[in-house]
> 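Please read through the structure below; I'll follow up with questions.
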Amino acid sequence: MSPLEELRHSAAHVLATALQRLHPETKFDIGPPTASGFYYDIDCPKRLSTEDFAAIETEMARVIAADEPFERRVVGREEARAFFAERGQTFKIGRLDDIPPDEEITFYVNGDFTDLCAGSHVPSTGKIGAFKLLGVSGSYHRGDESQPQLQRIYGTAFPTAAELEAHLAALEEAARRDHRKLGAQLKLFRLDSGIGSGLPLLLPRGATIRAQLETMLSRKLEDYGYDRLYSPHIGAIDLYKTSGHYPYYAESMYQPIRIEEREFLLKPMNCPMHIQAYTAEPRSYRDLPQRYAEYGTVYRMEQSGELSGLVRVRGFTQDDGHVFCTPEQLKDEFKSCLRLVQEVMALFDLRTRCRVSLRDPDNLDKYVGDDSLWTPAEACIRAVVDELGLEHSVGLGEAAFYGPKLDFMALDALGRSWQLGTIQVDFSLPERFALEFTGSDNAKHRPVMIHRAVFGSVERFLGLLIEHYAGDFPLWLAPEQVRIVPITDAQLPAAEALLARCKGLRLRAAIDDSSDKMGAKIRKAELEKIPLTAILGKREVESGSVALRSRAKGDEGALATEKFLERLKSEAALPS
RNA sequence: GCUCUUGUAGCUCAGGGGUAGAGCACUUCCUUGGUAAGGAAGAGGUCACGGGUUCAAAUCCCGUCAAGAGCUCCA
């Protein structure tokens, strides 16, 4: 354990010590350090809330002031069991039983609190420094929904008060980047309860950004040899029975819709539709690979408690694509998908982490297809990852129900990890839909499918981009690129002329013709995070220039109008 | 879905058993100014929704809906 982890783990023990004193009936589960603090899971008859924190923190401060040493004690298994049985600490007995027979069992004791704990700890409670309780929530014992729900108290601790202050300030700063906050402030999108939970409405400014993203990606897809498709939002239920969605994921889908005696599903995924496109004509090996792409909106019945801003919603648009190829082409096609994802992420300077997502070996009934379909799929992903030396983690149980995948993860402002792009190798659905192509031997063969998305969900990607840029979008994405500010009404005609020039170059510009003073107009443009402000006063109009102000650099001084437009045109171009 | 918290004007929030408040934004008028807030007037609310307690509920209680944190889930 690192020194900071030791400190936080020790703080968790101090929290437990305080709770034991204030609420002696408390049953303790576990209290580990985390990436940014610590928590302790407890079962306490009193429902704790943040209002109780002051009392708990006061008691914790007492424990720290007493500078109680942490004493490590090796105990026998039966002795430990008797100790906890006597005190009704049933969770601790369960945890004791988890310890392998050949392993040493240790207690850590400080003052009147004794915990089953492998350590390690700071020498004494006085070494903890600064701490703060941050929140309380429910959590399932052993992370299992069928187990009792405990109360989890979160806190953090640092060696010094200054470090704690800095951490709390960083949390506040992160909250300022929160896409839900910025989304409302900058009028990008709205989650309207009148529409329904998890069904985001992109307002004009957010829609502009999305349109730019899609236009940029569409050009790339052309370069990468994709054909575009548009598929409907609902499809016959049988399609999803064949694909396996209906039996395997019925609970995650909206209820079927009955139309003239036939049942339809709001589509949870686009792949069955793309498969129908593949089967629309007989295929030869000469046609492959066949690459389809679509911005396809899907609907999934997420649990209400899981919804969050744009990053977890019930209706969202995948920049979905499916490659149908021969087994021989698979590896190259996979690499091509990977290159596409990396190329696009680089445009945003977005750092993603890779995860190889495999089946959960303990729950194989969650997946369609047998080993003969999964083994070559996994082999392909591993081969590419190894060959390119791609840094990655492995996620057991994170595979799609039809195949393993390579996922690209990014963190949001609150430090939570979200999946963006994904590349999935699928031998299962071609089997279930009996897909075929005719080989050079004139015999029928089965193609392989790659499911892939670059953004993953356009909405989620937008949400993470808002946080990534803290609302300060680069020029090509900014909903409004130039704010034209005439100093007096006398410059209005010149402002109109400049606006017309901008529109002629397909730049997104607007005039602030309010009766505010220039300072107020500038302030408004700054708060709206408009990248460029073109100020027009008497001097500029007479000399055919604009006074340029950028959000990045502030006042940049006067610039000939022609130069300004030239610069704008090149900086605002879609990246490629 | 579960535990806890929250819901008052477009936004940020104050108030709190006796009938609705501030700042910003908005509208109109005045002001025509040189790099982050000029002035005045006005309009705007079923205090999320539905029940209950009470002479009286925005305020207390219950339920529903929605949002937030975490857990669980995530094709």
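Hydrogens, waters and symmetry mates play no part in the numbers below; they use all other heavy atoms, side chains included. Letters go in sequence order (proteins before strands), and every chain restarts at 1.
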> In whole Å, I'd like the distance from the CE atom of M301(A) to the P atom of rC74(B).
15 Å
> Set out, line by line, the N/O atom pairs under 3.5 Å between protein and nucleotides 25-35 of chain B.
| from | atom 1 | to | atom 2 | distance (Å) |
| --- | --- | --- | --- | --- |
| rU32(B) | O2 | D489(A) | N | 2.8 |
| rU32(B) | N3 | D489(A) | OD1 | 3.3 |
| rU32(B) | N3 | D489(A) | OD2 | 3.0 |
| rU32(B) | O4 | D489(A) | OD2 | 2.7 |
| rG33(B) | N7 | I487(A) | O | 2.1 |
| rG34(B) | O6 | K538(A) | N | 3.0 |
| rG34(B) | O6 | R539(A) | N | 3.1 |
| rG34(B) | N1 | E540(A) | OE1 | 2.7 |
| rG34(B) | N1 | E540(A) | OE2 | 3.2 |
| rG34(B) | N2 | E540(A) | OE1 | 3.1 |
| rG34(B) | N2 | E540(A) | OE2 | 2.4 |
| rU35(B) | O2' | R549(A) | NH1 | 3.2 |
| rU35(B) | O2 | R549(A) | NH1 | 3.2 |

> Would you kindly say whether T488(A) and Q491(A) are connected by a side-chain donor-acceptor distance under 3.5 Å?
yes
> How many angstroms lie between OG in S543(A) and CG in L559(A), if you round to the nearest 0.5 Å?
10.5 Å
> So that I can tick it off, tell me whether R8(A) and E5(A) are bridged by a salt bridge, with the cut-off set at under 4.0 angstrom between side-chain N and carboxylate O.
no
> What's the closest nucleotide to the R551(A) side chain, out of rG68(B), rA36(B), rG1(B)?
rA36(B)
> Suppose the criterion is salt bridge (charged side-chain N to carboxylate O under 4.0 Å, His left out): which pairs have a residue in residues 132-143 of chain A, not counting sequence neighbours?
D98(A)-R142(A)
> Could you state the atom-to-atom distance from OH of Y40(A) to C1' of rC71(B) in whole Å?
18 Å
> Throw together a table of side-chain donor-acceptor distances under 3.5 angstrom for residues 43-50 of chain A, partners on residues two or more places apart or in other chains.
| from | atom 1 | to | atom 2 | distance (Å) |
| --- | --- | --- | --- | --- |
| K46(A) | NZ | D52(A) | OD1 | 3.4 |
| S49(A) | OG | E51(A) | N | 3.2 |

> Expressed as a whole number of Å, how far does the P atom of rU64(B) sit from that of rC73(B)?
25 Å
> Could you pull out all residues at least two apart from Y246(A) that satisfy ring-ring contact (aromatic ring centres under 6.0 Å, His included)?
none
> Salt bridge between R551(A) and D472(A), side-chain N to carboxylate O under 4.0 Å?
yes
> Of all of residues 151-158 of chain A, which get a heavy atom below 4.0 angstrom from RNA chain B, listed by number?
R152(A), Y154(A)
> Quantified in whole Å, what is the P atom distance between nucleotide rU54(B) and nucleotide rA67(B)?
35 Å
> Could you state the CG-P distance from L133(A) to rU5(B), rounded to the nearest angstrom?
16 Å
> Should the pair F91(A) and H141(A) be assigned to parallel (<30°), tilted (30 to 60°) or perpendicular (>60°) ring geometry?
tilted
> Under the salt bridge (charged side-chain N to carboxylate O under 4.0 Å, His left out) definition, can you give me all pairs with a residue in residues 229-254 of chain A, not counting sequence neighbours?
none
> Take the protein atom CG of D41(A) and the nucleotide atom P of rC4(B), then report the distance between them rounded to whole Å.
15 Å
> Need one value for G244(A): base, sugar-phosphate or nothing, where a base atom within 4.0 Å counts as base even if backbone is also close, heavy atoms only.
nothing
> Which part of the nucleic acid does K366(A) contact within heavy-atom distance under 4.0 Å: base, sugar-phosphate only, or nothing?
sugar-phosphate
> Taking side chain to side chain donor-acceptor pair (under 3.5 Å) as the definition, give me every residue that meets it alongside Y299(A), ordered by chain and number, with sequence neighbours left out.
none
> Under a 4.0 Å N-O cut-off, is there an ion pair linking E571(A) with R567(A)?
yes
> Nearest to the R180(A) side chain among rC4(B), rG68(B), rG1(B), which nucleotide is it?
rG68(B)
> Measure CG/D144(A) against P/rU3(B) and give the value in whole Å, please.
16 Å
> Please report the distance, rounded to the nearest Å, between NZ in K181(A) and C1' in rC13(B).
12 Å
> P atom, rA9(B) versus rC62(B): distance in rounded Å?
24 Å
> When the C1' atoms of rA36(B) and rC24(B) are considered, how many whole Å apart are they?
15 Å
> Please list residues of residues 400-410 of chain A whose heavy atoms come under 4.0 Å from any atom in RNA chain B, ordered by number; otherwise none.
A400(A), Y402(A)
> In terms of side-chain heavy atoms of R416(A), which of rA69(B), rG38(B), rC71(B) is nearest?
rA69(B)
> Heavy atoms only, 4.0 Å cut-off, all strands: where does R47(A) land among base, sugar-phosphate and nothing?
sugar-phosphate
> Got a sec, which pairs hit salt bridge (charged side-chain N to carboxylate O under 4.0 Å, His left out) with one end in residues 194-208 of chain A, sequence neighbours left out?
R205(A)-E480(A)
> Looking at H274(A), R291(A), E294(A), which one forms a side chain to side chain contact (heavy atoms under 4.5 Å, CB included) with H322(A)?
H274(A)
> Which value, in whole Å, describes the distance between the P atoms of nucleotides rC49(B) and rG10(B)?
13 Å
> To the nearest Å, how far apart are E51(A) CD and rU6(B) C1'?
12 Å
> Starting at CZ of R312(A) and ending at C1' of rG70(B), how long is that distance when rounded to a whole Å?
14 Å
> Between H167(A) and F158(A), how do the two ring planes meet: parallel, tilted or perpendicular, split at 30° and 60°?
tilted
> Whenever both distances are under 3.5 Å in a Watson-Crick or G-U wobble pair, mark it; put RNA chain B into dot-bracket that way, with [ ] for crossing pairs and | when the partner is on another strand.
(((((((..((((....[..)))).(((((.......))))).....(((((..]....))))))))))))....
> So how far is it from I42(A) CD1 to R152(A) CZ, rounded to the nearest 0.5 Å?
11.5 Å
> Do D516(A) and K521(A) sit within salt-bridge range, that is, some charged N less than 4.0 Å from a carboxylate O?
no
> Kindly write out the residues that satisfy salt bridge (charged side-chain N to carboxylate O under 4.0 Å, His left out) with R353(A), not counting sequence neighbours, or none if the list is empty.
none
> For rU46(B) and rA40(B), measure between their P atoms and round to the nearest Å.
29 Å
> Give, ordered by number, those residues of residues 187-198 of chain A having at least one heavy-atom distance below 4.0 Å to an atom of RNA chain B; if nothing qualifies, reply none.
S193(A), S197(A)
> Say you pick atom P in rC29(B) and the same atom in rC13(B); how far apart are they, in whole Å?
33 Å
> rG18(B) and rC47(B): how far apart are their P atoms, nearest whole angstrom?
15 Å
> D412(A) and R180(A): salt bridge (Lys or Arg N to Asp or Glu O under 4.0 Å), yes or no, with the steps?
CA-CA 11 Å; D412(A) 70 9; R180(A) 291 163 297 191; over 6 Å; no
> Please figure out whether A399(A) or S139(A) has its closest RNA chain B nucleotide nearer the 5' end.
S139(A)
> On RNA chain B, does the nearest nucleotide to Q419(A) precede the nearest nucleotide to G143(A) from the 5' side, or the other way round? Give the residue.
G143(A)
